[in-house]
Amino acid sequence: MQKVRVKPLMPPGHVRTPAYLRGKIGIIERSLGTFPNPEALAYGVAASDLPLHRVRFTMSDVWEGNAENPNDTLDAEIYEHWLEPVDAT
Amino acid sequence: MNNAKNSPNDHSPTFKLGRRWHDMGGDTAGPITMEQLADTNHDFSLWEKRVDALMIIGSAKGFFTVDGLRRVLEDLGEDAFETMTYYERWIMAVNQNLIEGGAYTTADLAAKMSQVAARGDTYGDAAAPV
């Protein structure tokens, strides 16, 4: 499964990518199709359809040493323009 | 490292600008007491139901999307969450989106508000024969 990093960007304005996941690495659990870009809809401007992915993180991916149950997982739906591929090493 | 970049403990100006107040996932939080739980017997007042209806009509007519409402709620800032009720925040968001969407102008709104205020302070006053 494709490994991805959530881009560590911090633009002011309406976005749907939770801040605590930015910069974190997960895998694409499934792709959900395309949806109008909420970052454009929020301002009433033309919104293009963008691919949305369900990304799975382990608690250890998100909280590192602070994770109580490191192997538990968390799924978040994140638009493709917020994701960058992480090459397998 | 919990004080790393992009963690909830990052207090840099860039992070605070980019992480809007509603985006509170990952914050530390205590237990929720019974007093904090929602009162399921709460009844809505007439104006609150009207706000809800206005939201549905405005959305159905294409003046805004849920994303536009969310954006204004976020723009209101954290203080609004503490000082305004749920439907007070909603009417702020619906109104701003209706103005932006061209449903009416601020001047139209001002004129209508004066007209409604002249009816009296209560629904009873407004219904009373002149």
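Each chain gets a letter, A, B and so on, in the order the sequences are listed, and its residues count up from 1. Basis for what follows: all heavy atoms, side chains included, without hydrogens, waters or symmetry-related copies.
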Taking CG in A/Asp49 as the centre, count heavy atoms belonging to other residues, nucleotides or ligands within less than 6.0 Å. Is the count above 12? yes
Using the rule that Ile, Leu, Val, Met, Phe, Trp and Tyr join whenever any side-chain heavy atoms are under 4.5 Å apart, tell me whether A/Met59 and A/Val6 fall into a single cluster. yes
What option among B/Met24, B/Glu100, B/Arg71 has the most heavy-atom pairs under 4.5 Å with chain A? B/Arg71
Measuring from A/Tyr20:OH to B/Asp23:CG, what's the distance to the nearest 0.5 Å? 8.5 Å
Check whether more than 12 heavy atoms from other residues, nucleotides or ligands sit under 6.0 Å from atom CE of B/Met92, and answer yes or no. no
B/Trp47 and B/Met55: same hydrophobic cluster, using ILVMFWY side-chain contacts below 4.5 Å? yes
Where on A/Pro11 is there a heavy atom nearer than 4.5 Å to chain B: the side chain, the backbone, both, or neither? backbone
Hydrophobic clusters here meaning ILVMFWY residues chained together by side-chain heavy-atom distances under 4.5 Å, can you tell me if B/Ile57 and B/Ile91 are in one? no
Under a 4.5 Å heavy-atom cutoff, which of A/Pro18, A/Ala40, A/Gly13 has the most pairs with chain B? A/Gly13
Between the side chain of B/Arg19 and the main-chain N/O of A/Ala19, is any donor-acceptor distance below 3.5 Å? no
Pairs where residues 4-16 of chain A contributes a residue and the test side-chain hydrogen bond (donor to acceptor under 3.5 Å, both in side chains) is met, not counting sequence neighbours: A/His14-B/Glu74
With a 6.0 Å cut-off (strictly less than), is the heavy-atom count around CZ of B/Phe81, excluding the residue itself, greater than 12? no
Spell out the residues in residues 67-84 of chain A that have some non-hydrogen atom less than 4.5 Å away from a non-hydrogen atom of chain B, in order of number; otherwise answer 'none'. none
Would a hydrophobic clustering, with Ile, Leu, Val, Met, Phe, Trp and Tyr connected at side-chain separations under 4.5 Å, put A/Val55 with A/Leu32? no
Do you reckon B/Leu46 sits in the same ILVMFWY cluster as B/Leu54, going by side-chain contacts under 4.5 Å, direct or chained? yes
Exercise: identify the closest heavy-atom pair between A/Leu41 and B/Asp67: CD1-OD2, 3.3 Å
